[in-house]
Amino acid sequence: METESEPYVRLASLRQLHQVMADMNTARSLADTLQTVADGVVNALGYELACVNLVRPDGDLVVAAFSGNPAAEALITGRVGSRESWERRLGMGENWGDLVFISHTEGWVLDDDDVPQWYTDGPAPRFEDEWHPSDRLFAPMYMPASPGGGACGELIGILSVDRPRNGRRPGAWGREALQMYAFQAAIAISNARLRANMQRALVRLEREQQALRASEESFRQAFEYAPSGMAIAEMGGDQHGRILRTNDALCRLLGRPASAMRRYSFSDLVHPEDMGTLLRTSAEGGRAELRLGRRDGSYVWVSLRNSVVADAADGPRFLLTHVEDIEERKRRELQLAHRASHDSLTGLPNSAELRSRLSARLCRRPQSTHPTAVDAMDAAYDHPAFDTGGGHGFDYHPSGSEAYDAYDHHVHTVAPEESGRDDGTKGLAVLFCDLDGFKSINDRFGHNAGDAVLVEVARRLSHGVRDGDTVARLGGDEFVILADGLGRADAEDLAVRLRNEIIQPIRAEGRAVRVGASFGIGWAHCGMTADEVLKSADERMYVEKRSRPKQHRRAG
């Protein structure tokens with residue numbers, strides 16, 4: 001800002017200063033703003049050189065913009081001066097308000113510090129206020145002070161100027177103009193930084209949104225076109241478990257359209273026996289195997305894997321459910337399990353399955369080292385009041401140090417009286433059946449005929465018992481029937497009926513053959529093993545077999 005004498009300032013200079021300040025606040029980027037600040041010092045304030053030193057995050061100052069001399073700009077732009085050196089400069093010299101002036105008479109001590117500098121030559125000053133080439137003038141730029149934060153805010157940079165065009169040190173008006181300019185430059189730089197940060201944040205947000213959209217599209221395609229069933233269900237609240245979205249694979253698996261699926265929750269579709277499994281899986285996430293209902297009323301076995309989709313603020317919100325059809329595998333597993341527990345010829349439970357079912361009804365008497373405790377248990381076990389019929393009794397707990405935990409929560413199995421009279425007691429009858437005359441059929445007509453006889457006998461036995469009773473093939477021509485809730489007379493009647501069924505003619509290999517049957521009736525009660533029960537029934541069968549004349553054991 002050239003003036004003949006202060007405080008007279010040309011109107012054109014004020015307009016130029018006003019335009020420079022406007023340009024500072026309309027620059028498009030931080031770099032443009034810094035360069036506009038440096039150019040404004042030269043173009044509007046009347047200095048030949050101007051340098052903007054910007055405070056970096058580490059506290060040092062970097063030359064961010066230079067104006068007035070291309071050679072000097074190329075030499076020092078981008079160079080860094082330490083914060084310590086700059087604070088030394090701001091702490092010495094004369095304070096012209098917020099400005100710092102360091103005369104050539106004392107500035108020589110700064111020639112060797114690390115602040116980037118540009119040296120100019122010129123004659124020694126002839127007048128007291130003439131500018132010397134080694135004079136230095138700095139205008140610190142502070143952030144606008146926050147309310148209650150003191151006179152000025154944080155230092156964001158320093159303007160350094162050199163060589164006023166009129167060759168004189170600035171007077172009161174020049175100093176005030178430079179100080180005001182530095183204040184406005186600080187505001188412009190702060191705003192430019194804020195805009196730059198906002199632009200970077202917007203760019204980062206846009207990139208994140210693009211990535212999110214790409215991720216959502218990838219998820220949508222993976223969800224929609226997955227070869228196995230997928231569903232999203234609501235989690236928590238009144239609508240917990242309600243299905244929000246399904247893919248085509250799940251709709252095809254259950255034979256239900258997507259619009260209909262949204263009316264259900266998985267609890268509406270799961271088999272009643274699998275409800276507990278579903279609830280555990282829904283609450284905790286994880287994997288489960290259960291049955292889901294199809295539209296036609298049938299059920300399909302599926303592997304259901306839940307993942308909880310959590311929201312950082314609101315907690316769990318959705319369940320992402322993967323549903324895989326395992327019907328074929330389950331069918332094979334059931335077939336293998338059936339083969340392991342059933343006789344391959346007759347399809348009846350085999351010996352291992354028979355013993356398993358029998359053992360499940362029996363509890364062992366606990367072992368005790370105290371004869372008095374055993375005697376007390378035996379007396380209570382044999383007492384008529386122990387069972388009131390129908391196989392329902394009470395649990396006996398001896399006093400003292402012995403506690404018979406094996407009896408907790410167990411309905412005891414007891415046997416009717418051995419006297420032969422029917423006292424109303426009902427128990428688990430074990431009918432041991434051995435075929436009479438079977439060996440001769442094998443010998444005369446071959447094993448195919450023998451197998452046909454065994455298959456037909458198994459069929460007749462199965463049709464002759466109640467639902468829930470067990471007919472098993474023990475091995476060879478021996479069969480066992482477990483019939484619960486029978487009295488002694490009921491068991492004897494059942495043996496007679498089954499014997500009468502068996503002795504009817506059987507078609508085998510194109511001819512009619514006949515076999516007889518001997519039955520032994522044993523009774524299971526707690527305290528026995530399965531083998532002990534079967535041995536008892538087997539012994540009674542042999543007693544019954546020997547008690548009848550040989551010619552009456554089969555019909556011929």
Side-chain angles (χ1 to χ4, degrees), residues 342-351 353-355 357-358 416 420 427-509 511-524 530-531 533-556:
H342 287 71
D343 176 50
S344 59
L345 176 63
T346 63
L348 297 178
N350 59 18
S351 175
E353 178 67 11
L354 171 68
R355 285 173 167 79
R357 296 186 185 185
L358 184 54
L428 176 57
V430 182
L431 282 67
F432 199 106
C433 172
D434 181 79
L435 300 184
D436 300 327
F438 176 75
K439 184 176 182 301
S440 63
I441 293 176
N442 266 339
D443 294 342
R444 292 172 59 190
F445 308 119
H447 288 288
N448 287 341
D451 288 348
V453 170
L454 292 175
V455 170
E456 179 60 20
V457 169
R459 188 191 69 80
R460 294 180 181 183
L461 289 174
S462 298
H463 281 77
V465 299
R466 305 164 302 174
D467 291 341
D469 291 344
T470 295
V471 178
R473 184 186 177 198
L474 195 60
D477 61 347
E478 295 178 335
F479 298 84
V480 173
I481 297 94
L482 303 182
D484 203 358
L486 297 185
R488 188 169 298 278
D490 299 328
E492 292 171 354
D493 290 344
L494 177 60
V496 171
R497 284 191 287 105
L498 294 177
R499 183 184 296 114
N500 291 337
E501 288 290 329
I502 291 173
I503 65 177
Q504 301 301 317
I506 299 174
R507 298 293 298 179
E509 292 295 300
R511 57 177 56 85
V513 298
R514 300 177 70 178
V515 292
S518 297
F519 282 86
I521 303 174
W523 295 94
D531 287 335
V533 175
L534 294 174
K535 181 180 179 183
S536 171
D538 185 26
E539 290 173 350
R540 294 172 187 267
M541 182 275 297
Y542 275 108
V543 170
E544 196 270 345
K545 184 185 289 285
R546 288 192 296 268
S547 68
R548 292 186 295 120
K550 184 175 182 180
Q551 61 272 24
H552 294 158
R553 294 179 191 167
R554 66 181 177 89

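Positions are given from 1 along the sequence.
For the salt bridge (charged side-chain N to carboxylate O under 4.0 Å, His left out) test, residues two or more places apart in sequence or in another chain that qualify with D343 are R473. Applying the side chain to side chain contact (heavy atoms under 4.5 Å, CB included) criterion to A524, with sequence neighbours excluded, gives L358, L362, T413, L428, V430, V533. Every residue meeting the side chain to side chain donor-acceptor pair (under 3.5 Å) condition with R357, not counting sequence neighbours, appears here in chain and number order: E353, T470. The salt bridge (charged side-chain N to carboxylate O under 4.0 Å, His left out) check on D469 picks up R466, with sequence neighbours excluded. R497 meets the salt bridge (charged side-chain N to carboxylate O under 4.0 Å, His left out) test with no other residue; sequence neighbours excluded. Taking the side chain to side chain contact (heavy atoms under 4.5 Å, CB included) definition, one finds that E509 meets it with N448, A449, R511, sequence neighbours left out. Applying the side chain to side chain donor-acceptor pair (under 3.5 Å) test to R355 and every residue at least two apart in sequence or in another chain returns S351, D531. Listed by chain and number, the residues in a side chain to side chain donor-acceptor pair (under 3.5 Å) with R507 amount to none (sequence neighbours excluded). For A458, the side chain to side chain contact (heavy atoms under 4.5 Å, CB included) partners two or more places apart in sequence, or in a different chain, are T346, L348, F479. Scanning for salt bridge (charged side-chain N to carboxylate O under 4.0 Å, His left out) contacts around K535 gives an empty result, with sequence neighbours left out. Every side chain to side chain contact (heavy atoms under 4.5 Å, CB included) that V496 has, sequence neighbours left out, goes to R499, N500. For D493, the side chain to side chain donor-acceptor pair (under 3.5 Å) test picks out no residue, with sequence neighbours left out.
Interatomic distance, L486 CG to I521 CD1, rounded to the nearest 0.5 Å: 9.0 Å. Rounded to the nearest 0.5 Å, atoms CD (E492) and CG (L431) are 10.0 Å apart. Atom CG in D538 sits 8.0 Å away from atom CG in L474 (nearest 0.5 Å). The line from CD of E544 to CZ of F432 is 13.0 Å long, rounded to the nearest 0.5 Å. The structure places CZ of R459 at 10.0 Å from CG of L461, a figure rounded to the nearest 0.5 Å.
The two atoms that bring C433 and I502 nearest to each other are SG-CD1, 4.1 Å, heavy atoms only. Closest heavy-atom contact between A512 and P505: CB-CB, 4.5 Å. Closest approach of V453 to A508, counting heavy atoms only: CG2-CB, 4.3 Å. Across every non-hydrogen atom of F438 and G450, the tightest pair is CE1-O, 3.3 Å. The nearest pair of heavy atoms linking L494 to G464 is CD1-O, 3.7 Å. Closest of all the heavy-atom pairs between I481 and V465 is CG2-CG1, 3.9 Å.
Between I441 and I506 there is no side-chain heavy-atom pair separated by less than 4.5 Å. For the pair Q504/R460, a side-chain contact is recorded, criterion being any heavy-atom separation below 4.5 Å from C-beta on.
Inspection of the D434 and S518 side chains reveals no N or O donor paired with an N or O acceptor under 3.5 Å.
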